[in-house]
Amino acid sequence: MTKPVALHRRPFDAAAAQTLQASGTSPLFARLYAARGITQPTDIEWKLSQLPSPASLKGIDAVCERLMTAIEKRERILIVADYDADGATACAVGLRGLRLMGADISYIVPNRFEFGYGLTPEIVALAAKESPKVIVTVDNGIASVDGVAAARKLGIDVVVTDHHLPGETLPDTPTIVNPNQPGCTFPSKAIAGVGVMFYVLLALRTRLRERGVYSAETQPDLNTLLDLVSLGTVADVVPLDGVNRRLVEAGLRRMRDGRANAGVNALFEIAKRDVKKATAYDLGFMLGPRVNAAGRLDDISLGIECLITDDTARAAEIAGELDRLNRERKSIESGMREEADQLITASITPEQKSIVVTDPTWHQGVVGIVAGRLREAHHRPTIVFAPGDDGELKGSGRSIPGFHMRDALDLVSKRGPTLMRKFGGHAMAAGLTIDEANFAAFAAMFEQVANEWLTPDQLEQRVESDGSFALAEFDFETAEALHRHVWGQAFPAPLFDDEFTVMDSRIVGFKHTKLRLKRDGRIFDAIRFGCTDTPPQPMRAAYRVSLSEYQGTQRLELIVERWWAMGEYGA
């Protein structure tokens, strides 16, 4: 199914770039910002005071009232968390923040392989053993209609904090905070579950201050939670809109200033990364996968414990176990990816617009990662299934721009009401459960929707470049600024393209190509990871500017993402 990858230069608003330059932004960053939808200087200020007020969150008053009552009466609160990094950080933020405000609180995270996703009646029965008066869901709950009903039947109130898209019916509780619920005017629809929980704490602290419980001087410092908020936000791969960028930047600043929580520091240490140079890349590709590995293969409570402990030795011990699980996860994922690629080669035609695959030996804990890898390789909406219990298949989907994954599944459910047992998710990712006997029918129906919705242009694999990198701007200061900036989902890290002469190339580590490239008389060190093909001569390369460090010495390096022979890149 693989087709040639075309190079496209990202357009940008020249007038917006001029406005940004006039405010003191460098020409390079003005162009990068304008290409990412930034039009005003205020859009790139990092002050937390610029965050929108929690007051616009629908349901926030009712939620705060219920939590204040629980705190005042010392009622037992139980957090029910999701089993990924967003759920783990949201749980840790909720626990730490509510404890700072005097709550009697604990948490449970049901094993995903036994209980599935969300606040189900079975999970409520498990939670009831702890005799809570209030259950607080974090990063789940908006689809838990039956679970909320079961809790209320037992006399347990449910506070839902979530960010996932709701279904047609909301849970029957007045205490829901979710920016994506109907009627909510909160300006960010992209905020992660951990961000929603943080906002609940901000609003609750304000109410307690208004009641005279705290003054501005004595109120709990919720900034201590920002490193966890930034980790969960980046790890959940939500779009980095203005709200999320400010939250992530604030958390990174705390890490670099040596004020991170013990668990975050331990994760940096085990990943062999310098917390004083923390970047969004570290959170998304080094820390996040280690926290996620616990939920994928074992129990996410291990990740939560790492994030809530203040004991540095205990944090280091847990981080070591998370690192071991992550290595195991990588091994399982690698085998599944190789088998999935063979399946695609053997059974999926180039004309197909979607990928739906399964195998009886696959592990349901890593289907989402494998789906993401296949989506990247083949640029098709992809769903990967693994066996569950009782003849079920548990699937995870990853999509491409222009194809709303959850809406596609919703259409499948309307056309084939018996094809899926349940589903939920976002535009770019979703989870679902089907009967094994329905696999072929589901795959055919999903492909039909993809055929109706996707155009050939949308299926074209392309590299989006920010154009040429001016040699006059190529220095350590600019590279450092690029390195430290908050980049991520829907706010992509800069990628440049230029013509080079290859001075030297060699294979390193059996699977990478090390290069020396020449452009306009200047020599650059470069590397392309995961590729041992012979580079064309001369070539056009799409690359990132990087700072590498060896034996304490920093140097500029180009990370080559793609290369093309001259005239073959389609720009």
Side-chain angles (χ1 to χ4, degrees), residues 1 83 110-118 120-123 143-147 164-165 167-169 296-297 332-333 335-349 351-375 378 380-399 403-426 429-454:
M1 292 181 67
Y83 44 70
N111 186 294
R112 70 186 297 183
F113 307 114
E114 294 178 29
F115 292 94
Y117 172 78
T120 62
E122 294 79 9
I123 293 170
S144 301
V145 175
D146 294 341
H164 293 95
L165 296 173
E168 293 182 4
T169 304
R296 296 189 190 284
L297 300 186
I332 294 170
E333 174 203 332
M336 283 176 58
R337 165 68 193 276
E338 187 174 329
E339 292 167 0
D341 274 330
Q342 291 172 358
L343 267 176
I344 290 167
T345 301
S347 61
I348 296 181
T349 68
E351 291 73 32
Q352 283 186 245
K353 294 186 176 179
S354 68
I355 296 172
V356 181
V357 289
T358 188
D359 186 277
T361 67
W362 289 352
H363 192 296
Q364 62 180 277
V366 296
V367 288
I369 296 177
V370 174
R373 299 282 192 259
L374 295 176
R375 182 269 318 273
H378 301 285
R380 296 288 188 277
T382 301
I383 299 177
V384 176
F385 286 100
D389 297 325
D390 304 320
E392 288 183 342
L393 292 177
K394 298 292 184 76
S396 189
R398 297 295 183 269
S399 195
F403 188 87
H404 196 296
M405 180 64 77
R406 187 198 173 279
D407 286 356
L409 294 177
D410 187 52
L411 182 56
V412 169
S413 75
K414 287 180 170 64
R415 292 179 175 177
T418 63
L419 287 180
M420 289 183 287
R421 292 190 181 184
K422 56 186 176 182
F423 69 93
H426 298 291
L432 65 157
T433 301
I434 68 173
D435 290 325
E436 187 175 354
N438 286 339
F439 174 78
F442 170 84
M445 185 74 76
F446 187 75
E447 171 66 15
Q448 181 180 328
V449 173
N451 257 300
E452 293 170 8
W453 285 11
L454 288 167

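Since we're looking at a predicted model, the values are computed, not measured.
Scanning both residues, Met405 and Phe446, for their nearest heavy atoms gives SD-CZ, 3.8 Å. Contact between Lys394 and Gly388 at its shortest, heavy atoms only, is CG-CA, 4.3 Å. In terms of heavy atoms, Arg406 sits closest to Phe423 at O-CE1, 4.0 Å. The heavy-atom pair separating Gly416 from Met445 by the smallest distance is N-CE, 4.2 Å. Looking at every heavy atom in both residues, Leu409 comes nearest to Ala430 through CD1-CB, 3.7 Å. Between Leu419 and Ala441, the shortest heavy-atom contact is CD2-CB, 3.7 Å.
Between Val357 and the options Ile383, Asp341, Ile348, Val367, a side chain to side chain contact (heavy atoms under 4.5 Å, CB included) holds for only Ile348. Results of the side chain to side chain contact (heavy atoms under 4.5 Å, CB included) test with Ile369 over Glu333, Met336, Arg337 single out Glu333 as the only residue that passes.
Side chain of Arg380 to backbone of Gln352: a donor-acceptor contact under 3.5 angstrom is found. No side-chain donor-acceptor contact under 3.5 Å links Lys422 to the backbone of Leu432. Between the side chain of Asp359 and the backbone N or O of Thr361 there is at least one donor-acceptor pair closer than 3.5 Å. Between the side chain of Ser413 and the backbone N or O of Pro417 there is no donor-acceptor pair closer than 3.5 Å. Thr120 contributes a side-chain N or O that, together with a main-chain N or O of Ile123, makes up a donor-acceptor pair within less than 3.5 Å.
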Exercise for the section: Given salt bridge (charged side-chain N to carboxylate O under 4.0 Å, His left out), test Lys414 with Glu168 step by step and report yes or no. Expected result: CA-CA 12 Å; Lys414 287 180 170 64; Glu168 293 182 4; 3.7 Å; yes

Exercise for the section: Just do the side chain to side chain donor-acceptor pair (under 3.5 Å) check on Glu447 and Ser354 with the steps written out, would you? Expected result: CA-CA 6 Å; Glu447 171 66 15; Ser354 68; 2.6 Å; yes

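Atoms OG1 and CD1, from Thr349 and Ile344 in turn, are 12.0 Å apart once rounded to the nearest 0.5 Å. Interatomic distance, Asn438 CG to Thr433 OG1, rounded to the nearest 0.5 Å: 12.0 Å. To the nearest 0.5 angstrom, Phe442 atom CZ is 4.5 Å from Phe385 atom CZ.
The pair Arg415-Glu452 counts as a salt bridge, with a side-chain nitrogen and a carboxylate oxygen less than 4.0 angstrom apart.
Residues Phe439 and Val356 meet the side-chain proximity criterion, which asks for heavy atoms closer than 4.5 Å. With a 4.5 Å cut-off on side-chain heavy atoms, Thr358 and Val384 do not count as touching.
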